Amino acid sequence: MSPIQVLKIGGHQLDDASFLAGLARHVARAAGPIVIVHGGGRAIAEAQARYGLVERKVEGLRVTDPLTMQVVEMALSGHANKRIVAALMAAGVDAMGLSGIDRGLLRGRLKTHAEADLGRVGTITAVRAGVLLALLEAGVTPVVSPVTLADDGQACNVNADEAAAAVALALGAASLDFVSDVPGVRDAAGQPLARLTPEAAEAGIAAATIQGGMAPKVRAALAALAAGLPRVRILDLAGLADGGGTLLASASAGTPTDGEAAGPSEGAPDEARPPEDGRIDPAAEQVDGAAILAAEKAHLLGVYARVPVLLMRGRGMQVWDADGRRYLDFTAGIAVNALGHGDPEWAAVVADQAGRLTHTSNLFSNLPMVALAERLTRSSFAERVFFANSGTEANEAAIKLARKAGQAGAAGPRTRIVAFSHGFHGRSIGALSLTFNPAYREPFGPLLSEVRFAPYNDVRAAWTAIDDTVCAVFVEPVQGEGGVRAAEPEFLRALREVCDQTGALLVFDEVQCGLGRSGRLWAHEHYGVVPDLLTAAKPLAGGLPIGVLLASAGVADVLQPGDHGSTFAGGPLVCRAACQVFDRVTAPGFLERVADVGAHLRERLGALEDPRIVEIRGLGLLLGLRLSQPAAPIATAARERGLLVLTAGKDVLRLAPPLIASRDDADRAVDILAACLAEAG
């Protein structure tokens, strides 16, 4: 398919027959596929007036009570949508009108405001791009109204500029054009700008030289650029035809220099849109990938056997390397990037906090740290939280707490720790002592001496290993690194029972399997077993380093001031990012979608008829495909076909995509794996 262009239209234009006719002529002449997203604020306001409804706005957002929502649907998905489709059809363009509710095209959640009830005002969390791609492949121009399906199963009203940006990002569009009734963004003197950098745009909004209806367009453009869209223009209909208007572009996407064209001419190739083979022009990134990889070997400690790929940017479920190759990411940075790559809301929150307060040390409190702790305790068994910088550090904190608690044992100090076969708890000396793989442990001995390993999922062995000399039992409800093994319910129940009898603390390591990856917020919720301590980390801050230890009040009170600490942990930047991720993951419907996509992925994997597939393991979106042969060659073949997957041990492919993965993403991943297995013979 040729590069895709997304056009956003709205405002007074929708009642202008000459504008619609001109737009239709442009679409009819265009060399590549076009998707149109439209608003219709004027039509909504007029309909509200006809029905005696009072128009109310809060910071530019139309307050949308249930009756107003009906008006919005009628005005956007009815009147405006059909006028655009009719104009296109009259010009010979095969077009179809859609609302965001049709086939679940746009999914969202309701927005909240600290001082006002916005009603059914929402924001988009997912776009079902396959619906639009199927229409484009059939030669149909989709016309999309931004009425969106919220998590509660009801319609919500989403700003059309935001919707257009979300659609463009989901499609990997070459460009997003906001077609306005003015020729572009104006400067302080009222003159249209040919180019506008993100920095200048932010300054213009802050100084109110960019205001009114232009401000939300510019904000949507900036969010799209931050998320990886290469080029956005704001222009009128004439600029759409002659390449005029105001261009906003990220530096990495080849922002024009003086003397270059301000925007692409109609049908011109765009270097940032991957063509059929999934590549972009490597010149767009302007780096020498081979030289950088060579510099890595020369300057970095050689502790990683990295694949020879230099990743440059990401957007949603996709990443691109320095050679322009595009990949579907089913690794999520080893189960870290819960919201995928370049999520605009997450990026905006991080940027805002970075401009406010980044680091305070552990000498002072900060608001995001307390807000995150409140969220974590409200959603778990715990009353106390200790913040760290990684899962390993969280496990170290749990070891120290358990050891100190064991000093008060009635029969004398408890010092032993029990861990399990195939378990992985980190690489620092303490956490490494609990990690089963001898290859990880033996070069660094002597480690903690009083650690026993018992077979995972073996109830009888657990009862034998855990006695009144044990201060703690560490276990992963779903093992990740150790082969994607899920605990049997009776195994975790037995651990709880024996810990209760002996007085040992039960510690669940949910560093990889927790915080939504299993389809529930905490993996142990599948089992109905509650631990004394829990460690979590990977997905919580969406890519920034964080770790947490959760503890009930009675257990946590063992540690006193000075017993433990961390300079960087609990910083305002990472904690605010984590609040954003936490709120998204716990929003109504999010975890249900994770569970649904995980079940679909498992079903598709189970339907593969290949004798080398031995077993499918795991929960939710942490699944392992165990093979009767080494998994690494299949992972390499998948990468060559544009799919990134992990391994877990020698014979298991580990699938841990971002939690925003869709059924379409799962289908695509399984199709690639099937092709790799078939090719391997």
Side-chain angles (χ1 to χ4, degrees), residues 107 109-110 112 125-126 151-152 332 334-340 343 345-346 368 371-388 391 394-395 398 475-480 484 486-487 489 492 496 506-544 546-552 574-599 601-602 618-623 656-661:
R107 295 273 188 164
R109 59 182 175 82
L110 296 179
T112 58
T125 57
D151 288 327
D152 60 4
I334 314 183
V336 167
N337 299 319
L339 302 180
D343 179 81
E345 288 189 45
W346 181 90
L372 179 58
E374 289 177 340
R375 284 165 166 81
L376 290 167
T377 54
R378 282 200 309 265
S379 66
S380 72
F381 67 93
E383 288 95 21
R384 299 286 188 272
V385 179
F386 174 79
F387 288 113
N395 282 328
V475 65
E476 297 164 274
V478 183
Q479 294 182 331
V484 195
L492 292 190
R496 179 69 277 172
L506 179 58
V507 186
F508 283 169
D509 180 337
E510 295 204 19
V511 167
Q512 186 161 163
C513 64
L515 290 158
R517 183 149 295 279
S518 72
R520 296 192 181 182
L521 185 60
W522 306 110
H524 68 268
E525 292 176 2
H526 290 275
Y527 300 92
V529 178
V530 178
D532 300 300
L533 301 173
L534 182 144
T535 58
K538 286 183 179 290
L540 179 54
L544 296 181
I546 192 171
V548 296
L549 169 64
L550 303 181
S552 59
V574 69
C575 285
R576 186 158 175 215
C579 285
Q580 169 70 10
V581 174
F582 190 91
D583 289 347
R584 295 275 290 280
V585 170
T586 57
F590 188 97
L591 291 174
E592 289 80 0
R593 287 199 299 274
V594 172
D596 174 73
V597 175
L601 178 59
R602 178 185 284 273
L619 287 174
L621 287 177
L622 178 58
L623 295 181
L659 301 184
I660 61 169

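We number each residue from 1, following the sequence as shown. Model, not experiment: these values are computed from the prediction.
- With respect to Ser518, the side chain to side chain donor-acceptor pair (under 3.5 Å) criterion is satisfied by exactly one of Glu525, His524, His526: His526.
- Here the shortest heavy-atom pairing between Leu623 and Gly598 reads CD1-O, 3.9 Å.
- Counting heavy atoms from C-beta outward, Trp346 and Asn337 have side chains that stay 4.5 Å or more apart.
- A distance of 13.0 Å separates CZ in Phe508 from CH2 in Trp522, rounded to the nearest 0.5 Å.
- Here the CG-CG distance, from Leu601 to Asp596, works out to 11.0 Å after rounding to the nearest 0.5 Å.
- Each of Arg593, Arg107, Arg584, Arg109 was scored for a salt bridge (charged side-chain N to carboxylate O under 4.0 Å, His left out) with Asp151, with one residue passing: Arg593.
- No side-chain heavy atom of Val594 sits less than 4.5 Å from a side-chain heavy atom of Arg517.
- Closest approach of Ala656 and Ala332 over heavy atoms only: O-CB, 3.2 Å.
- Note that CG of Leu540 is 8.0 Å distant from SG of Cys575, once rounded to the nearest 0.5 Å.
- Taking OG1 of Thr535 as the start and CD of Glu476 as the end, the distance is 8.5 Å to the nearest 0.5 Å.
- When all heavy atoms are compared, the tightest approach of Leu515 to Ala537 is CD1-N, 4.4 Å.
- No side-chain donor-acceptor contact under 3.5 Å links Arg496 to the backbone of Leu492.
- Annotation: side chain of Phe387 is in contact with side chain of Leu372 (closest heavy-atom distance under 4.5 Å).
- We find the CG-CG distance between Leu534 and Leu549 to be 8.0 Å, quoted to the nearest 0.5 Å.
- Listed here is the closest heavy atom pair of Ala335 and Gln512: CB-CG, 3.8 Å.
- Separation of atoms CZ (Phe590) and CG (Leu339) is listed at 6.0 Å; rounding is to 0.5 Å.
- The two residues Val530 and Leu506 make their nearest non-hydrogen contact at O-CD2, 4.4 Å.
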